[in-house]
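For reference, the structure discussed in these notes is given below.
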Amino acid sequence: MKKYLLYPGCSMESSGRAYGDSIRAIMEPLDLHFEEIDDWNCCGATEYLGINLIPAYSLIARNLALASKQMNGTRTVVAPCSACYLNLAKADYYMQERPALGVKVNEALAAGDLQYKAGTLDVRHLIDILVYDVGLEKIRSKVTRPLHGLKVAPYMGCMLPRPDYQHRWSDHEHPTELDDLLRALGADVIDYPLTTECCGGHMTQIGPETAFELIRRLVADANERGTHLMATVCPMCQLNIDAYQNEMNHFFGTDYHMPILFFTQLMGLAFGKEPDDLGIGLELVNSCNALASIGVEVPVAQEPTGPRKKESGLPMPRRWTKHEGKEAVK
Amino acid sequence: MPQMTDERVRAGLAREEDLSLLHEVSMKTAGVSHLEMCIQCGTCGGSCPVAQDMDHTPRMLFAMLRAGMRDEVLRSNTPWICVSCYHCVVRCPQEVHIADVMYTLKSMAIKAKLYQDSTAPHFSQTFVDMVETFGRSYELGLASRHYLRHFPLRLPGMLPMGYAMITKGRMALTPRKIKHMDQLKKILHRAQQLELTS
């Protein structure tokens, strides 16, 4: 049994709950053991770095310091979220590239009786572990319900393959790790050139028009290629494309229905697990029809409905659309 | 931008004291920024998926940095539009840590109070407040505070989505807190002091 330290990240307990559930479901068949870092804190996402440098890196480094105390036969930290992975890996790398940063961060850590020597740990993403440690052969051998006929767009997102200071991926812009893994599950993997384009990240919150365009590109391209569903490796990508698809449709006046699941949910299905145990059904753009094509039945979830459209209703602010611009709601 | 300054940037007519801005940004950036190595090739802007919403492309912004145009740079929306997708970073022939330079410019703009649109800085600050209080992010608190402050009229349209997220157990009503919040607070407090002296 292979053991790893796990940095789950905040979204694993909330918006990305399905990711957490499905990871737990595939650990046993793959003989993996993840030990959670005790009392880990938020990595700061993309927000803390834009406020203050030393506190941002100290926040990240507290996790590395805790993990290095917990090393017990392993020095590998697994992060399933791309943003968490990048922050942890980047902190470790920059503390080596610029020792002055490492000194200051350690001075801050010392206030909490912690320390971290850069380079002690190996920070890796979950899919890296699955493809390169577990191996595609082993994954293939566990498949009992091949996903034949399910057309999947492999969506890697941006923060996983880039900037890749540790040189872990086959390519920065068109990596094939996710394609290979999905193919091992028997899925019909489509060519998806936008695989490492951005989902908009926090722009859904601060500049929705910018984010909606990025989401539209990804969804429209997947749709044009006859995709049943998209597979992602990141809770942020899942949230943006799933939860904001309805709003994006309103904004552009489009009618896309493109479900997006975590790649671990598809692994679970291929391993013969029940949809319920994999958090399938938690997505807002439901995957019922997509999964029906491989004979998996998912209870129909209720679609979120838009605001009341009755003309005679109370005067409510309308949602803004691309043509009206922000003025529509002012 | 006034035509005069535009031309000054294009001609590369920067005085020596102006270069201190470039150096300052470089030193404040995590890692070795390589900012001084920029050859103005424009690969960054050409690779950017959101360049159409920026007032200056990253290349232009770096030229302005070199020209010492502090106020213009810190007023630019470019760092705030940047989605940190790192396309430019892996394509840059000079290996400039472009995304990290954008983070530095954001924090400098907040400190200088020069950036006009407060939506993005407030979002970052609210996120940081949550993390400094609980040690974890708290999506419901973050979203409701942010929307009430900046997009109150979008809230009715967001309710169905929020409702679905809550009923599906994808958004917790109460925040989760780490065990050793006191330790994290001490670390961040010391880090703040170090930030001011650096």
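Here A:Lys104 does not pair with B:Glu195 in a salt bridge; the nearest charged N to carboxylate O distance is not below 4.0 Å. Salt-bridge check for B:Lys179 with A:Asp38: passed, with a basic side-chain N closer than 4.0 Å to an acidic carboxylate O. Here A:Glu13 pairs with B:Arg136 in a salt bridge; the nearest charged N to carboxylate O distance falls below 4.0 Å.
The residue from B:Ile81, B:Asp117, B:Thr119 that alone fulfils the side chain to side chain contact (heavy atoms under 4.5 Å, CB included) condition with A:Ile206 is B:Thr119.
In this structure, the side chain of B:Arg170 engages the main chain of A:Ser15 through a donor-acceptor pair within 3.5 Å. Looking only at distances, no side-chain donor or acceptor of A:Lys90 sits under 3.5 Å from a matching main-chain atom of B:Ala30.
The aromatic ring centroids of A:His202 and B:Phe127 lie 6.0 Å or more from each other.
Using a 3.5 Å distance cut-off with no hydrogens or angles, the side chains of A:Tyr48 and B:Glu132 do pair a donor with an acceptor.
For the set A:Arg217, A:Gln205, A:Gln96, A:Met159, the count of heavy-atom pairs under 4.5 angstrom toward chain B peaks at A:Gln205. Taking A:Gly44, A:Cys43, A:Gly201, A:Ala18 one by one and counting their heavy-atom pairs under 4.5 Å with chain B, the maximum is reached by A:Gly44.
Contacts between A:Leu214 and chain B at a heavy-atom distance below 4.5 Å involve the side chain alone, from C-beta outward. Proximity to chain B (any heavy atom under 4.5 Å) is restricted, for A:Thr204, to the backbone atoms N, CA, C and O. Contacts between A:Asp242 and chain B at a heavy-atom distance below 4.5 Å involve the side chain alone, from C-beta outward.
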